[in-house]
Protein chains: 2
Amino acid sequence: MKPDLTHAAQRCPVLSKARPDTRKLLVESASLRRLDRSDSLFLHETHADQCFVIVFGWIKLYRILPNGSEAIIRMHTAGETLAFADCLRDGQHQTGADAASEATVLCIPAALLREAIASDPDFGRILLTNSFDQIDSLNEQLESLKCQTAIQRVGCFLRRHARLREGRLVVLLPFEKGLVASYLGIKPESLSRALGRLKGHGVRSGREEIEISDPAALDALIHDDAGSLAYTG
Amino acid sequence: MKPDLTHAAQRCPVLSKARPDTRKLLVESASLRRLDRSDSLFLHETHADQCFVIVFGWIKLYRILPNGSEAIIRMHTAGETLAFADCLRDGQHQTGADAASEATVLCIPAALLREAIASDPDFGRILLTNSFDQIDSLNEQLESLKCQTAIQRVGCFLRRHARLREGRLVVLLPFEKGLVASYLGIKPESLSRALGRLKGHGVRSGREEIEISDPAALDALIHDDAGSLAYTG
DNA sequence: CGCCCTCTTGAACCAGTTCAAGCGCAGTGG
DNA sequence: CCACTGCGCTTGAACTGGTTCAAGAGGGCG
């Protein structure tokens with residue numbers, strides 16, 4: 001295995017659980033690609049002949065809307081897989097994918113992926129489990145979009161991306177705020193105002209870095225009154 | 001196979017593609033359950049020892065929010081599978097499930113599902129493909145919630161559920177409007193007003209049945225200006 | 001310095017919610 | 001048979017969260 005990929009493979013739920021020889025097959029025959037911000041990884045509705053594991057950075061999945069602008073469907077980061085579904089169905093990419101930050105991805109030829117599945121019966125199981133986990137995460141996003149206000153969604157986003165760093169709980173924004181906004185289903189202006197309003201709820205937002213100074217206060221805001229849009233049958 | 005299940009199995013993407021003996025195994029050993037509206041199929045965070053194929057009717061997946069109301073995550077209907085993921089991971093149900101209308105479901109013991117996967121290597125592949133399709137559909141829902149207005153979402157919902165019936169394009173509302181609203185991420189009042197506004201765009205809404213008299217007009221509304229919330233990076 | 005790009009801020013506007021009232025219909029009981 | 005009641009749906013009026021449009025601040029870079 002290429003030395004710089006060992007760590008990446010450990011972070012990846014699919015590769016790390018795969019049988020060593022399967023992992024070796026996938027990683028050794030794959031190529032590594034570096035992307036700058038806004039470089040394109042693949043285009044919507046093109047034939048899927050490669051799938052990807054993100055080693056580093058962020059990739060956005062998007063679709064072009066009738067009016068020409070792009071809808072951000074999902075954001076993916078290190079360890080996550082891309083386009084496995086498109087490859088296995090031997091079809092077209094369901095979305096486009098661009099780098100949202102500097103990024104490195106492992107590019108696995110579709111044939112290799114099929115070979116791994118054919119030769120390692122457990123590997124299919126691993127993919128299935130991974131795919132179930134993705135469905136869970138999508139269900140949560142749906143719930144969040146349907147039942148939370150923009151400010152609560154911003155709060156959840158911050159909590160999810162916060163990391164301990166020298167004793168402080170900090171969010172290093174992984175990509176532009178405009179993109180964060182779009183991912184959350186709001187406009188950049190609204191995100192800006194939301195961050196402003198969160199200052200009263202345990203959040204200190206600087207440029208490039210946001211600190212959660214009072215996680216409890218933020219959690220209270222997130223959970224309080226969540227469900228103003230819920231079904232009361 | 002029980003005679004009344006042949007048709008149901010054909011409608012189900014998972015069962016219909018499975019090897020005949022696998023299908024037989026699953027269907028014959030499963031039990032059939034009838035549900036009235038609002039009967040519970042399983043509860044959130046209970047152990048998943050059965051999975052389900054919907055034979056008839058609608059099932060809603062929901063989660064109880066901190067404030068006690070319920071968030072509608074997804075709606076499922078005939079042919080669709082439920083809780084396969086929860087069973088295979090041998091875990092708890094990720095959501096609760098209630099009948100949203102009268103419904104009939106095929107209840108498959110978890111052990112049986114595992115047996116099918118173990119004895120039929122293709123069956124895992126079929127589940128994987130099915131799970132990929134679900135992810136696609138969830139991606140589309142996310143896109144819709146992020147980039148479309150409530151009225152456009154209502155329009156899409158109508159198009160998706162419209163069926164030709166005696167030459168007219170008709171939507172028989174599968175369940176209460178309050179539930180439709182919640183599924184679409186809006187309040188019942190807003191759904192009511194949306195249907196009112198759609199009257200000017202090729203939709204005639206009566207009680208229990210909505211007719212799409214001018215599909216082209218409706219489509220125009222749906223696509224026109226879609227993406228007011230999109231990312232313009 | 002000047003240009004570009006991202007982010008912020010303000011004011012007007014609009015979509016969708018909230019609250020409250022009323023309607024239509026099914027079920028119930030007199 | 002009809003009043004009573006309960007529930008789902010609609011409608012109206014006031015309100016709020018988020019958008020829109022426009023202007024300005026701040027930073028990076030040639």
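In what follows, every chain begins at residue 1, and chains take the letters A, B, ... in the order their sequences are listed.
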Rounded to the nearest Å, what distance is computed from the [atom1] atom of residue [X] to the [atom2] atom of nucleotide [N]?
X	N	atom1	atom2	result
Leu195(B)	dG16(C)	CG	P	13 Å
Leu198(A)	dG17(D)	CG	P	14 Å
Ile210(A)	dC7(C)	CD1	C1'	12 Å
Ile151(A)	dT16(D)	CD1	C1'	11 Å
Leu191(A)	dG18(D)	CG	C1'	12 Å
Ile186(B)	dA15(C)	CD1	P	14 Å
Lys177(A)	dT9(C)	NZ	P	10 Å
Leu184(A)	dG18(D)	CG	P	11 Å

Salt-bridge criterion met for [X] and [Y] (N-O under 4.0 Å):
X	Y	value
Arg74(A)	Glu80(A)	no
Arg160(A)	Glu140(A)	no
Lys60(A)	Glu176(A)	no

Are any protein N/O atoms closer than 3.5 Å to N/O atoms in nucleotides 24-30 of chain D? If there are, list each pair with its distance.
none

Between N or O atoms, less than 3.5 Å apart, protein on one side and nucleotides 11-15 of chain D on the other: list the pairs.
unit_1  : atom_1 : unit_2    : atom_2 : d
dG12(D) : N7     : Arg193(B) : NH1    : 3.0
dG12(D) : O6     : Arg193(B) : NH2    : 3.1
dA13(D) : N6     : Arg193(B) : NH2    : 3.3

### Message
Hydrogens and angles aside, do Arg33(A) and Gln50(A) bring a side-chain donor and acceptor to less than 3.5 Å of each other?
### Response
no
### Distance test, side-chain N/O of Lys187(A) to OP1/OP2 of dC21(D), below 4.0 Å
no
### Query
Among Leu195(A), Val154(A), Leu172(A), Leu169(A), whose side chain to side chain contact (heavy atoms under 4.5 Å, CB included) with Ile210(A) holds?
Leu195(A)
Decide yes or no for [X] and [Y]: does some side-chain heavy atom of the first lie under 4.5 Å from some side-chain heavy atom of the second?
X	Y	answer
Gln141(B)	Leu142(A)	yes
Arg89(B)	Asp136(A)	yes
Gln134(A)	Leu138(B)	no

### Query
Out of dG18(D), dA15(C), dC9(D), which nucleotide sits closest to the side chain of Arg197(B)?
dA15(C)
### Task
Check whether the ring centres of Phe42(B) and Phe52(B) lie less than 6.0 Å apart, and answer yes or no.
yes
